[in-house]
Colleague: 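Dumping the structure here so I can ask a few things about it.
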There are 2 protein chains.
Amino acid sequence: MTAPTTPQVEETITTRERILREASTLFAARGYYGSSTRDIAAAVGIQQPSLFHHFPHKQAIFQELLSYSLDDSAAVAEYLAGASGSPAARLYRFLVEDFRYLMESPYDLRSIFNSGVLEGEEFEPWGRTARRLHVAVAEIIRQGIEVGDFIEIDVNFARQAVSGLMLETIRERSLGEKLPAQRPTRTADFMLRALLTDPDRIGEVATEACAIEGLPLYRDTTTACD
Amino acid sequence: MTAPTTPQVEETITTRERILREASTLFAARGYYGSSTRDIAAAVGIQQPSLFHHFPHKQAIFQELLSYSLDDSAAVAEYLAGASGSPAARLYRFLVEDFRYLMESPYDLRSIFNSGVLEGEEFEPWGRTARRLHVAVAEIIRQGIEVGDFIEIDVNFARQAVSGLMLETIRERSLGEKLPAQRPTRTADFMLRALLTDPDRIGEVATEACAIEGLPLYRDTTTACD
DNA sequence: GTCTATATTCGGATAGAC
DNA sequence: GTCTATCCGAATATAGAC
């Protein structure tokens, strides 16, 4: 008769999953090269060679984290770059989605964005995905300037500012505390305030942004924005 | 009779200096641990053991870069946190000075801000300096909110946004091209637009910022801002 | 100030038992 | 799926000649 106390699934975390989580934390703290497989194994609580039962080599751990953080983000950005609606709303929506994705992820993904590791040959496919993501975001910003939504600004400068903001703000998450649920929209508000020719339009931009449909979404988003 | 073609000092770059420059580039690209002393030596054009004639160990190279990028920035931020004048102008000035310092530096200092390496014991004193810098910047922002210069915003969030913006935008520099001379003020404009309750006040904020005197300055600044 | 040669430690990865 | 034992290459650093 009474509803089940909490329908939350009793998450069984596999060793493989624990490896990914601990590795992401270590990579974020000391970099990919600064974290040895021994460090990772110790954090998980297994011996170092046991790692190789779950991943063929160290690179594969990083590559899985790269795919997790880049693939869907790039897809969303490219979808939004070609979607209808105002560029400002589309950029807003991208920021909200991407930020929430990073915020709710069980991994600490800072190392992915930080490091020049992506430039290395062994991670070349993921470097290309990162560039596709950058191109798509820059394109939305370009459109925004063109139609007068955004101030006249160097497109690449603005694109990098967006990246920097995302990166630094997810840094908090790693400190352990849960970030407030409104953080994604607050972050988007902040960025758009700097870009909009008329900052007072933020309200309507946010409303339009949250109404955008058809995103190739990572997960089932119950509510679009807030 | 004719003036000397270019009074530019014929810069004699010592091996030690070349080591610092090449190391900073490698650290930025592949991280501190990802760059071996062999890599550094090869970039400089000497054999690996020759490095140890100039620096007692690898750490010392990184430590010198840390001091270069943190010491003066922290001093300026702390000075400005306690100075008179509007908080908005003081934050603006900090951004201009810090950005220009990073922009004109012969080193690629991204690794310093990126990495969690600073958290390691071996670099503890520099980690403390970084925290002092953060506290000072957060304090200026707090003052700005208090007097109504800035919108109501989480102080730490704003402080991190500032860091992220600086970091990402100096990334360009490393791509080789000289950044335009107006970039420091454009960056400060951008950040202040997001923070100011009244973005239209940027003009007067910039004017006041450039008039601030008494900074514990890194180098002889001929002109204050532009 | 730079070199060659080398000591030593550490990191990634494999073999094979349980 | 995890363990112990181990190989091999790479990395930091030292010794000592030129």
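Numbered from 1 within each chain, the chains take letters A, B, ... in sequence-line order. If you're wondering where the values come from, they're calculated on a predicted model, not measured in any experiment.
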Colleague: Heavy atoms of chain A, cut-off under 4.0 Å: which first and last nucleotide of DNA chain C, 5' to 3', fall inside that, if you could look?
Modeller: C:dG11 to C:dT14
Colleague: Which residues pass the ring-ring contact (aromatic ring centres under 6.0 Å, His included) test with A:Tyr68, not counting sequence neighbours?
Modeller: A:Tyr101, A:Tyr107
Colleague: So, does A:Arg18 use its side chain to make a donor-acceptor pair with the main chain of A:Val44 at under 3.5 Å?
Modeller: yes
Colleague: So if I take residues 13-31 of chain A and measure heavy-atom distances to DNA chain D, which residues fall below 4.0 Å?
Modeller: A:Thr15
Colleague: Among all residues two or more places apart in sequence or in another chain, which pass the salt bridge (Lys or Arg N to Asp or Glu O under 4.0 Å) test with A:Arg128?
Modeller: A:Glu124
Colleague: Going by number, which of residues 46-59 of chain A have a non-hydrogen atom under 4.0 Å from DNA chain D?
Modeller: A:Ile46, A:Gln47, A:Pro49, A:Ser50, A:His53, A:His54
Colleague: List in chain and number order the residues that pass side chain to side chain contact (heavy atoms under 4.5 Å, CB included) with B:Ala29, two or more places apart in sequence or in another chain; answer none if no residue qualifies.
Modeller: none
Colleague: According to the side-chain hydrogen bond (donor to acceptor under 3.5 Å, both in side chains) rule, which pairs have a member within residues 42-51 of chain A, sequence neighbours left out?
Modeller: A:Thr37-A:Gln48
Colleague: Just to verify, what does A:Ala75 make a side chain to side chain contact (heavy atoms under 4.5 Å, CB included) with, not counting sequence neighbours?
Modeller: A:Pro216
Colleague: Which is more 5' along DNA chain D, the nucleotide nearest A:Arg38 or the one nearest A:Gly45? Just name the residue.
Modeller: A:Gly45
Colleague: Using the side chain to side chain contact (heavy atoms under 4.5 Å, CB included) criterion, which residues pair with B:Pro56? Sequence neighbours excluded.
Modeller: B:Ala60
Colleague: Sequence neighbours left out, what passes ring-ring contact (aromatic ring centres under 6.0 Å, His included) with B:Phe27? Give chain and number order.
Modeller: B:Tyr32, B:Phe62
Colleague: Output all residues satisfying salt bridge (Lys or Arg N to Asp or Glu O under 4.0 Å) with A:Asp189, sequence neighbours left out; order by chain, then residue number.
Modeller: A:Arg186
Colleague: Can you list the residues that meet the side chain to side chain contact (heavy atoms under 4.5 Å, CB included) rule with B:Glu122, with sequence neighbours excluded?
Modeller: B:Tyr33, B:Gln59
